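Everything on this sheet refers to the single structure shown next.
It should be emphasised that the depicted structure is a prediction, and the values quoted were computed from it without experimental measurement. All ligand and atom numbering here is 1-based and tracks the order in the structure.
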Amino acid sequence: MSLHNQQKQPEMIYETIVTTVDAQGQPHVAPFGIRERNGLVLIAPFKPSSSLDNFLRERTAVLNLTDDVRVFAGAFTARRNWQVRKAYHVAGFVLEGVLAHRELELVEVKDDGLRPELYFRVVHEATHAPFRGFNRAQAAVVELAVLVSRLHMLPIEKIEAEITYLEIAIKKTAGERELEAWGWLIERIDNHKAAISGENQA
Ligand SMILES: Cc1cc2nc3c(=O)[nH]c(=O)nc-3n(C[C@H](O)[C@H](O)[C@H](O)COP(=O)(O)O)c2cc1C
């Protein structure tokens, strides 16, 4: 293969929960898909973002690697009040019950009008519990959370079609936490549908 044809290596995206410290010193919890580039963690928030404000002000963050998908669903259904404890090496918070976490320090910002790139150095990492295998219902909740985060940009028919497919994994493989998270997201979508049908009738 000539150099010309060589494709850039695909960059994996890992879906994580990022905790930051808000201006009042309280934890702020938000899902972010992160990448690893040149030994650094790359987080790319769309503007505006409270997490972005917190990254730039505090210059720290904590990546929480969790299989509790309620935290992903909770971010879009007014449930962000999860138990936390203090991080070890940065001024920040670690979610209770996570499988692993990484404490981050901001080292570089590539600003952009829409989606800046923030590069972080890992200053501490710890594993608290083993990975127990993939679960399709967890993946389905994360997919639906992504759709709900774009609810106002997507046609409702697209969301309904995705629900029909993702529900198969929920019915076959969910546990209690996955069912609870799924229920929150479905309720959020139902409220959105009621709001848009109300707008159409007005
Ligand atoms: C799995 C998942 C991954 C996400 N990844 C990103 C991301 O990389 N960048 C982004 O701006 N928002 C992302 N979002 C949406 C943010 O979580 C959402 O906008 C969040 O509220 C952050 O905004 P805040 O910092 O103002 O709280 C993601 C959502 C989900 C469910």
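Ring orientation note: the planes of His192 and His152 are nearly perpendicular, at an angle over 60° on the 30°/60° scale.
Each of Glu15, His28, Ala30, Pro31, Phe32, Gly33, Ala44, Pro45, Phe46, Ser49, Ser50, Ser51, Phe76, Arg80, Arg115, Val142, Ala145, Val146 has a non-hydrogen atom positioned under 4.0 Å from some atom of ligand 1.
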Legend entry - Worked verdict on Asp22 versus Ser50 for side-chain hydrogen bond (donor to acceptor under 3.5 Å, both in side chains): CA-CA 8 Å; Asp22 72 15; Ser50 309; over 6 Å; no
Inset, instruction - Kindly indicate, with the supporting measurements, whether the criterion salt bridge (charged side-chain N to carboxylate O under 4.0 Å, His left out) is fulfilled by Glu36 and Arg102. - result: CA-CA 13 Å; Glu36 289 171 9; Arg102 302 169 109 187; 3.0 Å; yes
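Evaluation of the ring pair (Phe, Tyr, Trp, His ring centres under 6.0 Å) test over residues 28-49, restricted to residues two or more places apart or in two chains, returns none.
Among Glu180, Glu176, Glu178, the single residue meeting the salt bridge (Lys or Arg N to Asp or Glu O under 4.0 Å) criterion with Arg70 is Glu180.
Of all non-hydrogen atoms in Ala30 and Ser51, the two that sit nearest each other are CB-OG, 3.6 Å.
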